[in-house]
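Below is one structure, written out as structure tokens; comments come after it.
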Amino acid sequence: LTLPAVPPLVGLGVVVVDAWLGYGRFMILANRMARAAVRLFPPRDIPFFHGLAIAVMPSWCAIQVAVYLLLAWTLDLPLRTLFGERFDWTLIPRGILLGVAEASFSMVLATVALRVLAPLRQAQRGGDAALEYQTLGQSGWMRSYLYVFARLPLPLALLVVMLPLLGEELIFRATAIPLLLPLGVVPAVALSTLMFAAVQVLWLPSWYQAIGPVCGALVMGVCNGLLFAHEGNLLPLLIAHVVFLGMLIDPARFRDA
Amino acid sequence: MSEIPIPSRDLPLDVRLVLVLLGLSPAMLASWMQTRFPRPLARLPIDAYSLVLLVLAVASYLALGQPPRWLADSWSPAAAILVGVAAGAVSIAVDMAATRLGRRRPRRAPPRRPTAPVPADVPVGDAVVWRLRDHGPAWRRGLGNLLTPAVLEELLYRQALLALLVPTLGLAAAAALSIAAFGLVHVYYGAPAVISKWIVGTLYTAVVLFGGGLLAAVVAHCLLNTAAYAAASPRARSMLRERLRERQA
């Protein structure tokens with residue numbers, strides 16, 4: 001992985017601003033773009049808000065790709081080698097297995113965290129914390145992914161879901177890791193993972209519903225961060241991210257969606 | 001101290017990560033598979049947990065480039081089996097003591113919902129119910145649900161996972177992590193079982209590293225599983241019936 005000639009603190013600032021804008025202003029901009037697109041081309045047989053949730057994904061991805069191109073041009077971030085210098089088909093099964101392993105371990109981590117934190121939630125809010133998690137466990141931003149899987153055929157749904165995940169990989173791996181690597185591999189991976197975990201909390205009903213996504217982000221942030229620092233190839237990480245999400249989205253909730 | 005199979009070649013980081021992460025969470029993956037694909041899995045002679053362990057053990061040893069090392073240097077099979085029987089007796093005593101301690105606590109009314117939902121809404125407890133399912137011939141119950149997991153867990157937690165972790169973490173931390181993972185695999189049986197398996201895992205790891213090698217640990221684990229199944233089968237059958245009634249309802 002070639003490192004850009006940027007001081008580490010400046011790099012950290014760029015990453016923080018990139019994530020802050022990406023999940024703030026740019027998310028609002030993506031919503032406006034999606035709303036305009038859905039009004040311009042109203043989808044048939046899909047409710048307006050489901051179409052809006054689906055259209056937000058390519059909109060946000062387009063903004064993130066534009067931001068990354070700008071950063072790559074100004075800060076000399078990897079661009080041509082982002083998906084490897086040449087195509088290696090073995091990266092596809094390796095990415096799939098990585099996604100399965102990350103999802104499996106993050107479920108263990110989330111189960112333990114939910115058990116440990118359930119008494120705290122019950123003391124805070126009363127009622128049954130487990131029932132609350134079952135009801136609201138895949139709400140907030142996760143519901144958008146449910147709409148995609150519920151309304152689109154599977155290949156198209158996977159393609160659409162891949163777009164925002166590409167945006168996340170661009171922010172937290174392709175931008176963050178090279179800019180933070182001058183601090184060392186461990187601080188770079190730790191900082192990018194912390195930011196990745198922090199943004200999972202946004203757009204969710206409460207901290208208790210964020211436990212699952214945060215545990216997933218901790219596992220994925222460490223593994224994908226380490227792999228990008230060592231190999232500098234985004235392809236297996238993107239595949240792993242899609243598989244991870246596909247495993248954790250519950251098909252039983254499609255009916256509700 | 002007997003040797004553990006150290007990787008003979010450098011593994012790519014992603015391969016090492018996949019094997020370690022799956023080694024730390026095979027029961028969760030099995031539970032997820034059981035929830036999503038119950039029909040194809042029901043046709044297999046072994047349960048989902050054993051299937052995951054089998055694939056993982058084979059993949060680990062292929063990646064390590066070495067076959068399992070069953071016997072420590074200068075140990076005869078008879079001596080290893082003898083050590084295994086002794087370790088098995090100790091582990092049965094530990095397990096019984098942990099179960100008794102767990103039962104002493106006053107029982108609360110069972111919750112109406114699973115107490116620990118997981119992100120994928122995997123029904124907690126499915127894995128154990130399926131592992132101890134009481135349909136099918138006796139050989140399938142015994143071989144598929146008792147002895148296969150015992151052998152595969154020993155292959156994984158006492159050798160393969162250690163060998164994958166030692167180059168990065170060192171022997172002590174690798175052993176601690178693999179013992180912790182071995183205990184957490186039994187979380188479906190409750191907290192006393194996890195604590196008991198941590199003690200038993202430490203004993204088996206010591207047996208593998210200082211004593212009769214993997215064969216002794218396998219013998220001990222098979223004895224423990226057989227004793228636990230013999231003691232727990234009526235309760236497991238009632239659990240299964242209850243679960244099936246819930247599903248039918």
Sorted by number, residues from residues 84-104 of chain A in contact with chain B (heavy atoms, under 4.5 Å):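 At a heavy-atom separation under 4.5 Å, chain B is reached by A:Arg94, A:Leu97, A:Leu98, A:Val100, A:Ala101, A:Glu102, A:Ser104.
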A:Ile211 portion near chain B, given a 4.5 angstrom heavy-atom threshold: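 Nothing of A:Ile211, per the 4.5 Å heavy-atom cut-off to chain B.
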Approximate separation, where rounding is to 0.5 Å, of A:Asn224 CG and B:Asp14 CG: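 That separation rounds to 10.5 Å.
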Minimum heavy-atom distance between B:Met28 and A:Val108, given as atom pair plus value: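 Residues B:Met28 and A:Val108, closest heavy atoms: CB-CG2, 3.6 Å.
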Closest approach of A:Ile249 to B:Arg36 (non-hydrogen atoms, all atoms of both residues):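 That closest heavy-atom pairing would be O-NH2, 3.4 Å.
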Validation row: A:Cys223, B:Leu21 side chains within 4.5 angstrom (heavy atoms):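 Heavy-atom side-chain distance check passes, below 4.5 Å.
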Most contacts with chain A, counted as non-hydrogen pairs under 4.5 angstrom, among B:Val20, B:Leu24, B:Leu19, B:Val18: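 Ranked by contacts with chain A, first place is B:Val18.
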side-chain contact (heavy atoms from CB on, under 4.5 Å) assessment of B:Leu29 paired with A:Met247: CA-CA 10 Å; B:Leu29 181 60; A:Met247 275 183 75; 3.9 Å; yes
